[in-house]
Every structure is written in C-alpha cells, then in structure tokens.
J.: 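Right, I'll just put the structure down here and ask away after.
The model shown is predicted, which means the values in this text are computed figures rather than measured ones. Whatever order the structure lists ligands and atoms in, that order sets their numbers, starting from 1. Numbering of residues begins at 1 and proceeds along the displayed sequence.
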Amino acid sequence: MHLLNVSAGGLHAVQIGTEVVTTGHLKVPQPEPWHVTDDGIPGDKRAVHPDKIYAFSRQAYAYWGEQLGVEAARWPDGFFGENLTFDTLDESDLRIGDVFTLGEEVRLFVAGARSPCLKLSWRLGQPPAFQRAFAKSRYAGVYFGVESPGRVRPGDRLRRIAHNPAMPSVADVSDFLIERDPPPLEPLQRLLSFARLSGTNRLLLSAKREAAERAQDRQEGRWRGWRPFIVSKVTQEAPEIRSVEFSPADGGRLPRAKPGQHVQVQFEHEGATLRRAWSLSAFSFTPECYRVTVRKQRGKGSQRLHALRPGDTVSLSAPAGDFTLDMGSYRPLVLIAAGIGITPLKAMLDAHFSRRDAPPAYLIYGGAARKTSPFERTSKHWPPRARTFLSRSSTAARRFPARFTEGSRRTG
Ligand SMILES: Cc1cc2nc3c(=O)[nH]c(=O)nc-3n(C[C@H](O)[C@H](O)[C@H](O)COP(=O)(O)OP(=O)(O)OC[C@H]3O[C@@H](n4cnc5c(N)ncnc54)[C@H](O)[C@@H]3O)c2cc1C
C-alpha cells in the first residue's frame with residue numbers, strides 16, 4: 001500500500017435532483033509539500049462527515065470503472081471524495097484500530113468504513129440505490145484518524161505497526177452499516193467500545209445496537225421483563241427446603257444460565273405482587289426448565305414458593321448476576337458455603353462436573369445438621385461427609401480440606 005496523491009477541497013453548493021445541498025465531496029489533488037495535520041489535510045473542508053481522512057485506492061477506481069463502464073483513467077485522484085489515494089487497500093484485512101505509519105513521520109489508525117451518501121451516487125451519476133452496492137463492494141474506502149501528524153511524500157508506504165485481529169475489519173463494518181438485518185451483537189459492542197471509532201460509523205451503528213440486542217435475545221431464547229412459567233416439579237430436599245422446577249409456559253427455548261446466576265420470581269399473592277430473587281440450583285447446557293431451591297422462612301415470598309404445586313403459574317425474569325463460575329479455568333476449584341447459601345454453588349458443581357477435564361474441586365460447607373442440609377439425599381454431586389461442618393451434630397468438626405472429583409468422592 002503506497003501513497004499516490006493527496007487531495008483536499010472546500011465546500012460547494014450543488015444541485016442534486018430538486019435540492020441544493022452543500023458538499024465537501026469535490027476534492028482536487030494538492031501540490032507538494034503534503035502535510036497531514038491533527039485536523040486532516042490543510043484546506044480540506046467537511047460538510048457532514050466528521051471523519052478527518054478518507055482513503056481510497058486506484059485499485060478501487062479500476063473496479064468501479066469496470067462496474068460502471070467508465071474508463072477509470074478519466075477520473076482524477078480525489079474524484080471519489082478521498083483525501084489520500086493509495087495504489088491498493090485491502091478492506092478485509094484492515095481492522096478497526098490497526099495503526100500504520102505513513103512515511104517517516106505520520107501515524108494513522110483505522111477509524112471506520114466509508115458510509116456512502118447521496119453525494120457519491122450523484123458524483124457517479126447513479127441512482128440512490130447505488131450506495132448499497134458501493135458499501136458491499138469491498139472497494140468503498142477507509143476512514144483514518146491521525147495519531148501523529150507530519151509530512152508525507154509520493155510513494156510513501158503504509159506500514160502496519162499494530163494489528164488487532166479480534167476487531168471487525170473495515171469490510172465487516174461496511175456490512176454492519178448497510179445490511180438490513182441487525183449486526184451480530186458481540187462485534188458490534190467491541191466496535192462501539194473503541195473510543196476512536198469514526199463518528200459517522202458510531203452514529204449509524206449505535207442506532208442498530210438495540211435491534212442487535214433484541215435479535216441476540218431472540219436467538220438465545222432470552223427475554224426482557226417477565227415471562228410466564230409453569231411449575232413442573234416440586235422436590236422436598238430437607239424438612240424446610242424445597243426445590244421447584246419451572247418450565248416456560250410458551251414451550252419456547254430457554255437460554256443457558258451461567259452457573260451461579262439467579263432469577264427473580266414474581267407471584268400474585270393476596271392481591272399484591274411479590275418478587276424474590278432465587279439462585280438457580282442446577283446447571284444444564286440445554287435447559288428445559290429452571291430449578292430454584294428455597295428454605296422456608298417467615299416472609300411471604302418463601303412461604304408462597306413452598307405452597308406452589310405442579311401446574312401453578314408464576315413469572316420469571318431471565319437469569320442474571322455476575323457471581324458465576326469460570327468454566328474454562330484449569331485451576332482447582334474451592335467453594336465455600338453455609339446453609340441455604342449452597343444453592344448457586346450447587347449449579348457450579350453441576351457445571352464443573354459436566355467437564356471431562358475438570359480440575360480438582362473442594363467444597364467447604366457449614367450447616368446446622370445433616371438432615372436439614374439441602375441436596376444431601378437428592379444429588380449425586382453433593383459432597384460426602386468429609387467436607388461438611390455441622391454445628392448441631394455429635395460429629396461436629398470433620399476432616400478438612402477434602403478433595404473430590406466425580407466418580408471418586410471421598411467419604412472422610
Ligand atoms: C441473588 C439472590 C439469590 C438468592 N438465592 C436464594 C436461594 O437460592 N435460596 C433461598 O432460600 N434464598 C435465596 N435468596 C433469598 C431470597 O431472595 C429470600 O430473601 C428468601 O427466600 C426469604 O424470602 P421471604 O419472602 O421468606 O423473606 P423476605 O421477605 O425476603 O425477608 C427476608 C428475611 O426477613 C425475615 N422476615 C420476613 N418477614 C418477617 C416477619 N414478619 N417477621 C420476622 N421476620 C421476617 C425472613 O425470615 C427472612 O429471613 C436469594 C437472594 C438473593 C438476593
């Protein structure tokens with residue numbers, strides 16, 4: 001990628017259809033010496049686009065000449081409204097945030113993809129629909145930001161000095177800008193968190209974020225607000241502790257919760273609405289229901305939950321919370337819980353033992369008595385005696401720490 005020309009232009013009023021519009025699109029090659037300043041090319045004016053430097057390539061001139069049946073050599077440098085004309089630019093390879101040196105002094109970073117406007121269609125004598133074909137072509141050009149100003153010369157090489165392959169490419173951004181379907185959420189969020197993203201790109205992409213979030217929610221079966229669920233199973237875990245399983249009333253998909261997350265359950269109770277947070281006490285990669293495990297207390301929420309029977313309906317919020325297990329870790333897992341506080345850790349144990357390569361796990365658990373502890377009787381992942389500390393038991397303090405793995409659980 002070598003620099004061929006530098007162009008700049010003032011603001012002009014032009015007639016497009018029935019309207020007179022002001023444009024900074026008309027640029028002409030500048031005599032040397034060429035300078036790139038913090039504010040772009042000296043003497044260059046922008047009408048709408050806030051981006052300081054637009055770069056285009058002669059390779060793109062050739063492509064558009066062929067597409068539009070025009071001899072590309074008839075178009076002078078700057079014709080596409082660019083400030084810097086290069087010989088080539090690979091838009092699929094340039095990642096947003098990549099940093100380049102140009103010549104000896106100038107440092108540029110990739111700020112975004114060209115968002116084509118009506119003036120481009122006008123300049124090329126094309127209908128407005130041309131903008132879409134232009135954006136999808138991979139020959140639409142690149143917005144650069146200026147990191148270090150300085151002098152540039154004909155033939156200067158654009159040399160990459162920092163590359164972030166995790167960022168979307170300029171071609172990806174062109175697609176995000178032009179496609180009618182919302183962009184994938186995760187790369188969109190990465191783009192929007194890049195502080196130096198092109199102002200034009202940011203404006204257009206921010207407007208797509210909500211649609212992208214909704215699309216992602218739909219895809220994962222995630223929902224906002226409240227969703228009706230039916231009680232599908234009730235299990236008495238211990239005298240005052242019950243597990244209740246909830247299945248979606250609409251029969252739709254359930255998103256996989258991260259082990260450790262909780263849901264809010266909403267009931268109607270004596271004419272009022274009650275809401276309580278309960279941790280999910282089981283984990284599955286493809287959940288068909290959500291399970292909570294609740295100790296009956298004196299408040300209305302836990303009392304009401306204990307009164308639920310299969311077939312009753314409640315409303316649930318989507319799983320949430322940041323107290324979650326890192327399932328990719330290769331370090332030993334140490335979990336510490338007491339009483340009913342074991343519930344999120346129970347989901348973590350399920351998730352941990354679903355791994356073939358699970359590293360050793362340790363659970364330190366404090367409870368009042370064995371018969372009042374949840375999961376002891378019902379769960380294959382519940383740790384054996386060696387790991388529990390019971391305050392109301394003749395076998396109070398037991399050996400510690402205890403290590404256990406699936407299939408080789410110790411009994412202290
Ligand atoms: C993120 C999160 C996860 C949770 N996960 C679980 C879980 O997995 N399992 C679980 O059992 N709990 C869990 N809880 C606690 C749960 O939200 C409830 O607070 C708990 O179930 C008690 O509900 P409640 O309606 O009976 O009492 P609340 O109305 O919530 O009152 C809280 C406390 O006040 C006491 N209290 C209420 N009313 C009276 C009264 N009239 N007189 C004297 N005392 C009273 C209750 O006994 C209780 O100890 C979690 C809480 C959070 C925030």
J.: Counting distance only, does the side-chain N/O of Asn83 pair as donor-acceptor with the main-chain N or O of Ala55 below 3.5 Å?
T.: no
J.: Nearest protein heavy-atom contact for atom 38 (N) of ligand 1: which residue, which atom, what distance?
T.: Gly299 CA, 3.6 Å
J.: Using distance alone, decide if ligand 1 has a nitrogen or oxygen within less than 3.5 Å of any nitrogen or oxygen in Arg295.
T.: yes
J.: What protein heavy atom lies closest to atom 26 (O) of ligand 1? Include the residue and the distance to one decimal.
T.: Ser302 OG, 2.4 Å
J.: Salt bridge or not between Lys136 and Glu179? Use side-chain N to carboxylate O under 4.0 Å.
T.: yes
J.: Heavy-atom contact under 4.0 Å between Thr293 and ligand 1?
T.: yes
J.: Have a look at Ala277, Gly260, Ala347 and point out the one with the heavy atom closest to atom 15 (C) of ligand 1.
T.: Ala277
J.: State whether any protein heavy atom lies less than 4.0 Å from atom 35 (C) of ligand 1.
T.: no
J.: Do any side-chain atoms of residues 267-274 form donor-acceptor pairs under 3.5 angstrom with protein atoms, and if so which ones, sequence neighbours left out?
T.:
{"unit_1": "Glu268", "atom_1": "OE1", "unit_2": "Thr273", "atom_2": "OG1", "d": "3.2"}

J.: Answer side chain, backbone, both or neither: which part of Val294 comes under 4.0 Å from ligand 1, heavy atoms only.
T.: both
J.: Can you pull out the closest protein heavy atom to atom 6 (C) of ligand 1? Residue, atom name and distance to 0.1 Å, please.
T.: Trp278 CD1, 3.4 Å
J.: Among Phe130, Phe79, Phe56, find the one that has a ring-ring contact (aromatic ring centres under 6.0 Å, His included) with Trp64.
T.: Phe130
J.: What I want to check is whether the side chains of Asp51 and Ser198 have a donor and an acceptor closer together than 3.5 Å.
T.: yes
J.: Any idea which heavy atoms bring Asp350 and Ser281 closest together, and the distance?
T.: OD2-O, 4.3 Å
J.: Got an N/O contact under 3.5 Å between Gln297 and ligand 1?
T.: yes
J.: I want to confirm something. Looking only at heavy atoms, which of Arg276, Lys300, Glu240, His269 is nearest to atom 29 (O) of ligand 1?
T.: Arg276
J.: For Gly301 and ligand 1, does the shortest N/O to N/O distance drop below 3.5 Å?
T.: yes
J.: Regarding Tyr61 and Glu82, is there a side-chain donor-to-acceptor distance under 3.5 Å anywhere?
T.: yes
J.: Identify the closest protein heavy atom to atom 45 (C) of ligand 1: which residue and atom is it, and at what distance?
T.: Arg298 CB, 4.1 Å
J.: Is atom 32 (C) of ligand 1 near the protein, in the sense that some protein heavy atom lies at less than 4.0 Å from it?
T.: no
J.: Charged N to carboxylate O under 4.0 angstrom, Asp77 versus Arg58?
T.: yes
J.: Does a donor on one side chain sit under 3.5 Å from an acceptor on the other, for Ser302 and Gln297?
T.: no
J.: List the closest protein heavy-atom neighbour of atom 5 (N) of ligand 1: residue, atom name, distance to the nearest 0.1 Å.
T.: Ser279 N, 3.1 Å
J.: Quick one: which ligand 1 atoms are inside 4.0 Å of a heavy atom on Thr343?
T.: 7 (C), 8 (O)
J.: Charged N to carboxylate O under 4.0 angstrom, Arg138 versus Asp175?
T.: yes
J.: Under 4.0 Å and counting heavy atoms only, is there anything from the protein next to atom 42 (N) of ligand 1?
T.: no
